[in-house]
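These notes concern the structure reproduced below.
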Number of protein chains: 2
Amino acid sequence: MSRNRLPQEEANGGTDAGQGSPARPTILDLAALCGVSPATVSNALAGKPNVKAQTRDLVLRKAREIGYHASSTARGLRMGRSWSIGLVVGDIANPFVPDVVRGVEDVVWRERKNLILCNTDFQAEKKTAYVRSLLDKQIDGMIVLSQILDDQDMERVEAAGIPLVTVNRRAPGHSCDYVGIDNQAGVRMAMDYLVSLGHRRIGFIKGLFRSSSADDRLAAYQEAVAAHGLDSDPSLVVQGDYSMESGDSATRNLMAAQRPTARPTAIVAANDLMALGALGALHDLGIKVPSDVSVVGFDNIQLAEHPLLNLTTINHPKRETGDSAARLLLQRIAGDRGDPPRSVILKPSLIVRGTSAPPSAAAVAKPRRRSASQPEKNQAEKKQAAGT
Amino acid sequence: MSRNRLPQEEANGGTDAGQGSPARPTILDLAALCGVSPATVSNALAGKPNVKAQTRDLVLRKAREIGYHASSTARGLRMGRSWSIGLVVGDIANPFVPDVVRGVEDVVWRERKNLILCNTDFQAEKKTAYVRSLLDKQIDGMIVLSQILDDQDMERVEAAGIPLVTVNRRAPGHSCDYVGIDNQAGVRMAMDYLVSLGHRRIGFIKGLFRSSSADDRLAAYQEAVAAHGLDSDPSLVVQGDYSMESGDSATRNLMAAQRPTARPTAIVAANDLMALGALGALHDLGIKVPSDVSVVGFDNIQLAEHPLLNLTTINHPKRETGDSAARLLLQRIAGDRGDPPRSVILKPSLIVRGTSAPPSAAAVAKPRRRSASQPEKNQAEKKQAAGT
DNA sequence: TTGTAGGCGTTATCAT
DNA sequence: ATGATAACGCCTACAA
């Protein structure tokens with residue numbers, strides 16, 4: 001147990017006890033080596049003004065020489081910080097997420113803080129447990145991406161005085177820094193664009209209900225439908241869950257209508273993954289995109305621009321999202337704890353690619369009159385000239 | 001400074017000093033509350049046998065009551081661990097990476113350890129700085145994905161006695177636990193499959209040079225070329241850097257040959273991203289896949305199975321990779337520091353999708369005879385029945 | 001300008 | 001079965 005450090009003993013020199021690693025030098029070792037007190041070493045290393053240039057240089061030199069590095073743990077205990085920030089995500093494997101993470105990492109790295117990645121899988125218990133773990137670790141701050149914390153977790157974070165930035169989902173009751181995108185504007189851009197192409201019957205694949213962003217996007221769709229006087233058949237709105245599979249099946253539902261005119265000439269999906277699912281479904285169904293049906297996504301994930309996908313979509317500045325969140329957080333950490341909560345709302349933009357075009361002449365011309373009462377199920381018959 | 005804790009004072013009760021959060025309870029608070037010593041509390045919480053069931057229950061109950069949680073920092077300082085493991089990746093935004101991360105997170109989470117994500121961008125300085133930071137934090141272990149550490153960093157890690165698992169790239173000099181995939185087998189499967197379809201002239205887009213996995217994959221390609229007696233024109237091997245763009249331009253090079261017979265009938269890429277780039281380039285060039293040219297990737301990233309991409313590829317068990325790495329690491333951490341290094345080599349598998357088919361009749365029929373004294377390098381003529 | 005002396009919150013050792 | 005005590009390595013009043 002007793003390290004038994006004698007005054008002039010060489011740094012960690014004496015007992016090379018057996019096998020283990022040589023026990024890295026402490027500030028005491030360095031102090032002894034420099035012939036000064038640990039306090040002076042500490043001050044010197046911290047660049048405090050109250051230390052003679054000469055001694056500071058000596059300390060710095062010797063420190064580098066023996067490769068001294070202060071223990072984060074020890075100074076963390078002393079100073080009550082940990083120089084790491086917690087990043088709570090739902091699913092890192094969702095292509096939207098890594099780009100945001102990248103943005104966060106970039107600015108966090110500049111301050112030499114570490115990122116503790118918490119993948120909750122959207123499970124409440126995992127979320128709670130991670131938050132606890134982060135608080136136990138005395139993290140400097142926390143970013144929660146695309147999900148909300150329980151009230152109880154929220155309170156714990158607040159009680160601990162840990163700055164928190166939420167991204168993409170506002171926490172209902174609580175008020176904290178927030179980074180998001182103007183969902184309404186984004187969807188509106190998509191809708192306006194499709195309308196300008198001539199579409200009047202536009203389907204919408206919405207995201208999970210309980211999410212504020214999903215609500216915003218749906219609301220924007222509905223407003224656009226009203227504003228432009230578009231077909232507002234409730235069957236034009238189908239539920240998805242942000243996954244590709246859900247986009248696939250939602251699209252099959254959308255296109256399953258018996259009467260051809262009941263089917264949308266364009267589909268807007270609340271995110272790219274579902275839009276890609278739609279593309280897949282349409283492909284399987286033999287429905288041409290964009291000649292028969294246009295598809296517009298939301299997010300502009302990396303692969304959306306692949307020539308074979310070539311998805312028209314609304315760009316969500318992902319990296320910038322992470323960047324802003326991290327900046328907000330660092331500012332909080334730096335001091336202004338009391339200031340009122342701030343919000344950064346990023347601007348979406350329309351990326352026109354290959355999955356959108358004016359509706360086919362057939363589809364536009366069609367609704368002249370409907371024959372009579374046939375419960376028909378024809379979908380493939382008006383397939384002839386699909387002008388790309 | 002002085003918290004001034006009196007013997008019977010209620011836990012953190014006295015001085016509600018001003019604004020700040022109420023300072024979470026320490027083990028001393030809990031001990032006082034329970035009327036026992038902090039040591040007993042510690043033992044009780046740790047489930048040590050030397051504590052009366054009755055007192056243990058009391059402690060546990062009270063602890064839950066006041067929401068006591070031990071400070072990770074303090075116990076970390078005392079015990080020399082941090083219950084967090086460092087995960088060093090090159091680029092989290094590369095679609096291959098998050099799946100591996102997910103595997104790591106999954107098993108690490110089971111032990112309630114945290115993941116510190118270090119995104120190096122493949123920059124040497126960032127890598128070094130991150131490693132240092134991790135060591136300062138007393139991480140329990142470290143996983144390095146698809147890159148290698150400098151000798152110096154490596155030594156530091158070893159000197160600190162921190163278990164290290166490398167993934168996908170072996171560290172040249174040093175020996176540590178390793179998780180990888182049988183690259184040679186993977187590429188061989190791709191090649192054998194293409195040969196079985198009748199291809200004799202297969203292009204290869206290789207990855208970055210200095211990587212062992214890239215070397216292995218290239219070597220396997222060359223061996224397959226030799227083994228099957230395929231065309232071995234050096235122009236059939238082009239350099240990529242694992243990015244989609246590089247796959248695109250590499251493919252353009254491959255297809256730029258003047259003589260049609262100089263162009264490959266199939267392309268194997270060292271990863272999916274490059275294969276997707278190839279698909280894009282071929283699409284732009286108006287070359288039909290798979291009828292004109294077949295494409296096979298490596299990794300089987302999530303979007304490879306999209307109906308519009310539908311990439312034939314070699315599956316790399318990504319999640320399992322992360323899983324194995326984490327398991328190996330946890331075992332090391334648990335104790336067997338001295339044991340010889342272990343390796344886990346995962347098995348690749350062929351996923352046949354839509355980008356592969358027998359070569360077109362034209363391409364096969366073409367090389368019927370070549371005039372005369374051409375400084376030839378004939379390799380494609382004995383192509384007829386390639387039994388699957 | 002430098003040194004001394006706590007104390008951050010735990011756990012481990014050794015008494016009792 | 002429980003308690004006093006000493007570290008773990010660092011920072012920071014305060015004294016010199």
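First the proteins, then the strands, lettered A, B, ... as listed; each starts at 1.
Atom CD of Gln138(A) and atom P of dC8(C) are 13 Å apart (whole Å). Atom CE in Met79(B) sits roughly 20 Å away from atom P in dC8(C) (whole-Å rounding). Distance, Leu28(B) CG to dC8(C) P: 9 Å, rounded to whole Å. dA12(C) atom C1' lies 15 Å from atom CZ of Arg81(B), rounded to whole Å. Across the protein-nucleic acid pair, Asp29(B) atom CG and dG9(C) atom C1' stand 10 Å apart, rounded to whole Å. The separation between Leu77(A) atom CG and dT12(D) atom C1' is 14 Å, rounded to whole Å. As a whole-Å value, the separation of Leu58(A) CG from dT2(C) C1' is 14 Å. The CG-P distance, from Asn50(B) to dA12(C), rounds to 11 Å in whole Å.
For Lys48(B) and dA12(C), the shortest distance from a side-chain N or O to OP1 or OP2 is below 4.0 Å. Side-chain nitrogen and oxygen atoms of Ser71(B) include none within less than 4.0 Å of the OP1 or OP2 phosphate oxygen of dC8(C).
A salt bridge links Asp106(B) and Arg110(B); the closest N-O separation between the charged side-chain nitrogens and carboxylate oxygens is under 4.0 Å. Using a 4.0 Å cut-off between charged nitrogen and carboxylate oxygen, Asp140(A) and Lys113(A) count as a salt-bridge pair. Under 4.0 Å is where a charged nitrogen must lie from a carboxylate oxygen, and between Asp177(A) and Arg332(A) at least one such pair does. The existence of a salt bridge linking Arg61(B) and Asp57(B) is excluded, since no basic side-chain nitrogen approaches an acidic carboxylate oxygen closer than 4.0 Å. A salt bridge between Asp323(A) and Arg327(A) is present, with a side-chain N of the basic residue lying under 4.0 Å from a carboxylate O of the acidic one.
If you check dT2(C), dA4(D), dT2(D) against the side chain of Ala39(B), the one that comes closest is dA4(D). Here the side chain of Thr40(B) is nearest to one of dA12(C), dT2(D), dG3(C), namely dT2(D). With dT10(C), dT2(C), dT2(D) as the choices, the nucleotide that has an atom nearest any side-chain atom of Thr55(B) turns out to be dT2(D). Considering only the side chain of Val36(B), dG3(D) comes nearest among dT10(C), dG3(D), dT12(D). Picking from dC10(D), dG3(D), dC8(C) the nucleotide with the shortest atom distance to the side chain of Ile27(A) gives dC10(D). Closest to the side chain of Arg75(B), from the set dT12(D), dT2(C), dT10(C), is dT10(C). Between dT2(C), dC10(D), dT2(D), one nucleotide has an atom nearer to the side chain of Lys52(B) than all others, and that is dT2(D). For Tyr68(B), the listed nucleotide lying nearest its side chain is dT10(C); candidates were dT2(D), dC10(D), dT10(C). Checked against dT4(C), dG9(C), dC10(D), the side chain of Ala74(B) finds its nearest nucleotide in dG9(C).
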